[in-house]
Enquirer: 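First the structure, which I've put down as structure tokens, then a few questions once you've had a look.
Nothing fancy with the numbering, it's 1 onward along the sequence.
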Amino acid sequence: MIRRSSPPPSTIAGLRRGLLRTACLTAGLAAVFPLSAREPTAPAERLDLQTASIADLQRAMDAGALSSQRLVRLSLARIRAYEPQLHALISVAPDALAQARRLDAERRARGPRSPLHGIPVLVKDNIDTADLPTTLGFYGLKGARPRGDATVVARLRAAGAIVLAKTNLSELASGPALSSLGGQTRNPHALDRSPAGSSGGTAAGVAAGYAPLGIATDTTGSVRWPAASNGVVGLRPATGALPTTGVQPTAPSLDAVGILARSVADAALALRVVQAPSPARDAPDCAPDDAPLRGVRLGFARQDFSGDDDAVDAVVANALAQARAAGAEVVEIELPPWLLPTAKQLQAALVRNESAPSLDAYLRAAFAPPAPQSHAELLALAERLAAAPPADATPNPGRLRGYRDEAAAPGLDDPVYRAARDEGLRFFRASLDAALARQRLDALIFPTQTRRIERIGEPARVNARGLFGNFPGSLASLAGWPELTVPAGATADGLPVGMSLLIPARDQARLPALGRALERRWHGLRQPAATPPLAGEAFEYAPRTRDGAGGCARPRAAGASA
């Protein structure tokens, strides 16, 4: 048996005194250096407003690191800094900060209404807002207040979104990105370039970081072309997916309300909220990595969608290679040779004949006299403006020619127009559907514009087939199908290039997941050269939780580290 000897009493007393001193010292150090400061329980979250998704913003708000008031102040700071050169806006809500303050208080008391709670939104100035003028970009409607909100605006407000500003547009949503009231909008990636139309102000504003989200209109490409030209995401949902009540019509057979955002996830989230506002926070619709693309057959009509601009073609080639690397099968196809020429003529017949009659009905419903009540009144005002433009008006001869042409159209009783509307659209949709079915395609993929956007004042050019570079937009419009354009990269001179996915309306629910998978591959989001970050727009904060809830991973900006 081993016999253990006990330490003497003096040694035990010394050990006790040493332990007591150590405990006191530890307690004192803990008081000066709390454990949480020395060993954080979770790494800090970084928020950069130039790349943050709406889910990122909501996470920061949940953690108390961001408020709607602070977000609106930062948006207004960007507007003050960059709007003098962009001309993307026509009016700014004077009570935006007061709205944000009320929504912050509501969040603290009852929680957020929806994923858009406290988020500033840009609204194209042909969509009615009861608290701000709705001018259609026409000087003759300067200061005109509509009788109420458009349905989409009412739904945004019900979801807790803040209508921050009304955006400049091609006058009456037609022609180049110029209006007699708002002047010439410029592209934030290159100020000598057009932002494309007609939603050029909305796209330029989202690209410039005025707000993370924009609501606009699309008849034959007016959401998608500007989105691609300004390097943001553009979504035209299936025709009728969003209500057009309270929205200035261009051609009701083709019109749609669309969404511009910095990420596919944000565009999809906004569509869900505006389609069916709900107080419950949506679960994010995230799919892992490349999974949505594996085995998907994407049709690319090379003979139709390439050859107009070598710089765009190079970006397209890389984008298609990345789609293949993600598991998609990119199939070279040929569209029926008559499809695109038919689209050009069909689109022209519908827009020309529907513009004036539909505008008459809209003006009477939206505005009380003395605001103009008819297309004829607008034309007369436009003629007077052209003859003697006021000092604060921008002459717009191209749009004046458009007013005259619309007034001379045969109208809704014309039998050729009726055949185009009633039979032509049905035939076109069936033909496009058959082209996909023949090749067993899930979707078409193509450059949203086949050539770089033109310089301001430079006439748009046609290709060898007599089509402008934005001709692919007519496919979705005439078929009534959803189309999503995603930034795919940029040319050597820094101009963004967007790639579009066009899918049958019955498959619209698949489109966001496909777009997000390509977005992660392409890393096409870029900071516009003319609107660099401002102080205070990026910061770190302690997240409320580390469970990752609240949204999909945001797209990584080009050049950023992984």
Enquirer: Run the side chain to side chain contact (heavy atoms under 4.5 Å, CB included) test against Thr394 and tell me which residues pass, sequence neighbours left out.
Expert: Leu178
Enquirer: To the nearest 0.5 Å, what is the distance between CD (Glu454) and CZ (Phe468)?
Expert: 9.5 Å
Enquirer: Between Leu514 and Leu293, does a side chain to side chain contact (heavy atoms under 4.5 Å, CB included) hold up when you go through it step by step?
Expert: CA-CA 6 Å; Leu514 296 175; Leu293 287 170; 4.0 Å; yes
Enquirer: Is it the case that Arg107 and Gln58 place a side-chain donor and acceptor less than 3.5 Å from each other?
Expert: yes
Enquirer: Does the pair Ser199 and Leu169 meet the rule for a side chain to side chain contact (heavy atoms under 4.5 Å, CB included), with working shown?
Expert: CA-CA 5 Å; Ser199 305; Leu169 66 157; over 6 Å; no
Enquirer: If you compare all heavy atoms of Val163 against all heavy atoms of Ala93, which two are closest, and at what distance to 0.1 Å?
Expert: O-CB, 3.4 Å
Enquirer: Do Glu329 and Arg324 meet the salt-bridge criterion of a basic N to acidic O distance under 4.0 Å?
Expert: no
Enquirer: Pairing donors with acceptors under 3.5 angstrom, does anything connect the side chains of Thr491 and Asp493?
Expert: yes
Enquirer: Considering all heavy atoms of both residues, which atom of Glu483 and which atom of Ala476 are nearest to each other, and what is their separation?
Expert: OE1-CB, 3.4 Å
Enquirer: Any chance you could lay out the salt bridge (charged side-chain N to carboxylate O under 4.0 Å, His left out) test for Glu537 and Arg78, step after step, and finish with the verdict?
Expert: CA-CA 10 Å; Glu537 293 180 345; Arg78 293 192 71 78; 2.8 Å; yes
Enquirer: Between Arg461 and Asp308, does the salt bridge (charged side-chain N to carboxylate O under 4.0 Å, His left out) criterion hold? Intermediate values first, please.
Expert: CA-CA 10 Å; Arg461 293 170 292 166; Asp308 292 348; over 6 Å; no
Enquirer: About how many Å separate NZ of Lys166 and OG1 of Thr134, when rounded to the nearest 0.5 Å?
Expert: 3.0 Å
Enquirer: Does the side chain to side chain contact (heavy atoms under 4.5 Å, CB included) test come out yes or no for Arg157 and Asp149, once each step is laid out?
Expert: CA-CA 10 Å; Arg157 296 194 204 274; Asp149 284 338; 2.8 Å; yes
Enquirer: Give me the atom names and distance for the closest heavy-atom approach of Leu518 to Ala323.
Expert: CD2-CB, 3.8 Å
Enquirer: Is the shortest side-chain N to carboxylate O distance from Arg59 to Asp56 below 4.0 Å?
Expert: yes
Enquirer: Looking at Asp309 and Arg452, is any side-chain nitrogen of the basic one under 4.0 Å from a carboxylate oxygen of the acidic one?
Expert: yes
Enquirer: Taking side chain to side chain contact (heavy atoms under 4.5 Å, CB included) as the definition, give me every residue that meets it alongside Ala267, ordered by chain and number, with sequence neighbours left out.
Expert: Val233, Leu235, Ile259, Ala261
Enquirer: I'd like to know if the side chain of Asp218 reaches the main chain of Gly258, judged simply by a donor and an acceptor atom lying under 3.5 Å from each other, with no hydrogens or angles considered.
Expert: no
Enquirer: Using every non-hydrogen atom in the two residues, find where Ala55 and Asp266 come nearest and quote the distance to one decimal.
Expert: N-OD1, 4.4 Å
Enquirer: Shortest non-hydrogen contact from Tyr139 to Asp392?
Expert: OH-OD1, 2.6 Å
Enquirer: Show the numbers, then the answer: is there a side chain to side chain contact (heavy atoms under 4.5 Å, CB included) between Thr185 and Leu86?
Expert: CA-CA 6 Å; Thr185 304; Leu86 288 188; 5.6 Å; no
